[in-house]
There are 2 protein chains.
Amino acid sequence: MITNIEKRCLDQGIKMTEQRRVIARVFAEAKDHPDVEEVYRRASLLDDRISIATVYRTVRLFEEAGVLERHDFRDGRARYEKISDEGQHDHLIDVKTGKIIEFQSDEIDRIRKEIAEKMGFRLIGHTLALYGVPLASKESE
Amino acid sequence: MITNIEKRCLDQGIKMTEQRRVIARVFAEAKDHPDVEEVYRRASLLDDRISIATVYRTVRLFEEAGVLERHDFRDGRARYEKISDEGQHDHLIDVKTGKIIEFQSDEIDRIRKEIAEKMGFRLIGHTLALYGVPLASKESE
DNA sequence: TTACGTGCAAAAGGTTTGCAATAAC
DNA sequence: GTTATTGCAAACCTTTTGCACGTAA
């Protein structure tokens with residue numbers, strides 16, 4: 001069975017190797033935002049002939065092809081997730097636990113675009129992450 | 001003459017050394033978003049008894065004290081700027097030139113806070129960077 | 001077949017840290 | 001005088017890369 005991500009890669013003219021197929025599958029099945037080490041771990045379970053250098057090369061390739069999105073959540077390594085058909089979302093990070101929660105806001109999407117255009121730019125990407133603590137929690141920082 | 005940043009550090013109970021004063025001065029005078037190498041370069045012009053390790057230690061200290069803000073603009077190193085009294089701004093990066101342009105939007109400030117609270121969090125920080133190309137420019141990516 | 005992808009290990013680039021010397025309070 | 005800070009160099013961690021080998025089309 002061919003994953004949606006693999007299809008997207010083929011559309012982009014990316015030559016599919018066994019390693020790339022495996023990494024595509026990892027992201028097709030992921031519901032979170034794994035870093036490269038974690039992708040390597042999961043890929044190795046499916047096929048142990050994969051090296052971490054290939055994972056690095058592949059996530060970069062997929063990112064440049066618009067198949068994956070890279071995130072920086074201030075923990076020192078890049079995290080990746082697939083770009084889904086149903087539009088993108090942003091993230092809120094619970095700084096107490098590190099948990100990453102997705103959200104989507106049409107209003108923010110609109111304003112971002114408006115601001116960029118008002119400044120004379122066409123928006124081609126963005127980074128938005130909110131960092132918060134649970135409202136119930138009383139710790140000051 | 002004592003800089004505003006130095007005053008802020010003293011308020012936070014930070015012990016001021018000559019090196020820290022020099023680094024505070026660099027940020028007091030900066031109108032941009034220097035990385036550590038650049039801070040080190042500017043600080044060295046004012047006082048050549050400074051090491052880059054101290055710059056790393058000091059920007060971290062200042063960041064934790066709420067005196068500096070750290071940014072990641074996808075170029076592989078951290079950039080810093082002072083937190084000014086007149087409220088914060090966000091950034092738009094011209095991906096053709098790397099130029100960083102500041103902007104401020106009360107509407108975005110409001111929505112960010114609303115979203116976090118609606119999700120059950122008190123917002124304590126955020127990252128927002130827009131990446132764009134000049135509207136005049138016709139390149140596709 | 002032929003260009004492209006891979007694994008390995010080494011290197012790069014940014015950042016942190018152990019330690020002995022130094023300076024602040 | 002005591003404790004924190006500094007400079008130096010080594011270590012760290014993530015990511016990239018050179019090269020010989022392997023593989024997809």
Side-chain angles (χ1 to χ4, degrees), chain A residues 2 5-7 9-26 33-65 67-80 98, chain B residues 2 5-7 9-26 33-65 67-80 98:
Chain A
I2 186 173
I5 294 189
E6 192 177 335
K7 204 177 305 164
C9 289
L10 292 169
D11 291 348
Q12 297 282 324
I14 292 177
K15 185 193 285 187
M16 289 312 282
T17 63
E18 184 53 26
Q19 287 87 337
R20 291 178 180 174
R21 254 186 290 274
V22 167
I23 293 168
R25 182 170 302 273
V26 165
H33 312 79
D35 60 30
V36 169
E37 284 285 349
E38 180 60 23
V39 175
Y40 174 58
R41 212 168 297 130
R42 296 180 194 178
S44 297
L45 295 178
L46 302 177
D47 183 338
D48 61 0
R49 294 171 314 167
I50 243 168
S51 76
I52 194 152
T54 293
V55 178
Y56 272 107
R57 282 189 273 237
T58 303
V59 293
R60 185 141 65 107
L61 178 73
F62 284 7
E63 191 206 348
E64 281 161 7
V67 172
L68 292 183
E69 191 174 3
R70 188 203 328 228
H71 297 293
D72 163 45
F73 293 141
R74 296 185 182 171
D75 57 0
R77 54 235 142 100
R79 294 169 170 277
Y80 294 86
Chain B
I2 185 173
I5 293 190
E6 192 176 337
K7 204 177 305 162
C9 289
L10 292 169
D11 291 347
Q12 297 283 324
I14 291 177
K15 185 192 285 186
M16 290 312 282
T17 63
E18 184 54 24
Q19 287 88 338
R20 291 178 181 174
R21 255 185 289 276
V22 167
I23 293 168
R25 182 170 304 272
V26 166
H33 312 78
D35 59 30
V36 169
E37 284 285 349
E38 180 61 24
V39 175
Y40 174 58
R41 211 169 295 131
R42 296 181 193 176
S44 298
L45 295 177
L46 301 177
D47 184 338
D48 62 359
R49 293 172 314 167
I50 240 168
S51 76
I52 194 152
T54 294
V55 178
Y56 272 107
R57 283 190 273 238
T58 303
V59 293
R60 185 140 64 108
L61 178 74
F62 285 7
E63 191 207 348
E64 282 161 6
V67 171
L68 292 182
E69 191 173 3
R70 188 205 325 229
H71 297 293
D72 163 44
F73 292 141
R74 297 184 181 173
D75 57 0
R77 54 237 141 100
R79 294 168 169 279
Y80 293 86

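Chain letters run A, B, ... following the sequence lines, proteins first, then strands; residues in each count from 1. Being a predicted model, the structure only gives us computed values, none of them experimental.
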Between dT6(D), dT17(C), dT15(C), spot the one nearest the side chain of Val36(B), thanks.
-> dT15(C)
Of all the choices, dA25(D), dT17(D), dC25(C), which nucleotide is nearest to the side chain of Lys15(A) once you look at every atom?
-> dA25(D)
Residue-phosphate contact under 4.0 Å: [X] side-chain N/O, [N] OP1/OP2:
| X | N | value |
| --- | --- | --- |
| Tyr56(A) | dT15(D) | yes |
| Thr17(B) | dT6(D) | yes |
| Arg20(A) | dT6(C) | yes |

Under 4.0 Å, heavy atoms only, any strand: does [X] hit a base, just the sugar-phosphate, or nothing?
| X | value |
| --- | --- |
| Ile52(B) | nothing |
| Gln19(A) | sugar-phosphate |
| Arg57(A) | base |

List the steps, then state whether side chain to side chain contact (heavy atoms under 4.5 Å, CB included) holds for Leu10(B) with Ile2(B).
-> CA-CA 11 Å; Leu10(B) 292 169; Ile2(B) 185 173; 4.0 Å; yes
Round to a whole Å and report the spacing from [atom1] of [X] to [atom2] of [N].
| X | N | atom1 | atom2 | result |
| --- | --- | --- | --- | --- |
| Glu64(A) | dG5(C) | CD | P | 12 Å |
| Leu61(B) | dT6(D) | CG | C1' | 13 Å |
| Asp75(A) | dT16(C) | CG | P | 14 Å |
| Glu37(A) | dC12(D) | CD | C1' | 14 Å |
| Tyr80(B) | dG14(C) | OH | P | 13 Å |
| Glu18(B) | dA24(C) | CD | P | 8 Å |
| Tyr40(A) | dT16(D) | OH | C1' | 16 Å |
| Arg77(B) | dC13(D) | CZ | C1' | 18 Å |

Look at [X] together with [Y] and state whether they make a salt bridge at an N to O cut-off of under 4.0 Å.
| X | Y | answer |
| --- | --- | --- |
| Arg77(A) | Asp75(A) | yes |
| Arg21(B) | Glu18(B) | yes |
| Arg41(B) | Glu38(B) | yes |

5' priority, DNA chain C, between Thr54(A) and Asp35(B) [closest heavy atom] = Thr54(A)
In short, Tyr40(A) meets Ser51(A) closest at the heavy-atom pair CE1-C, 3.7 Å
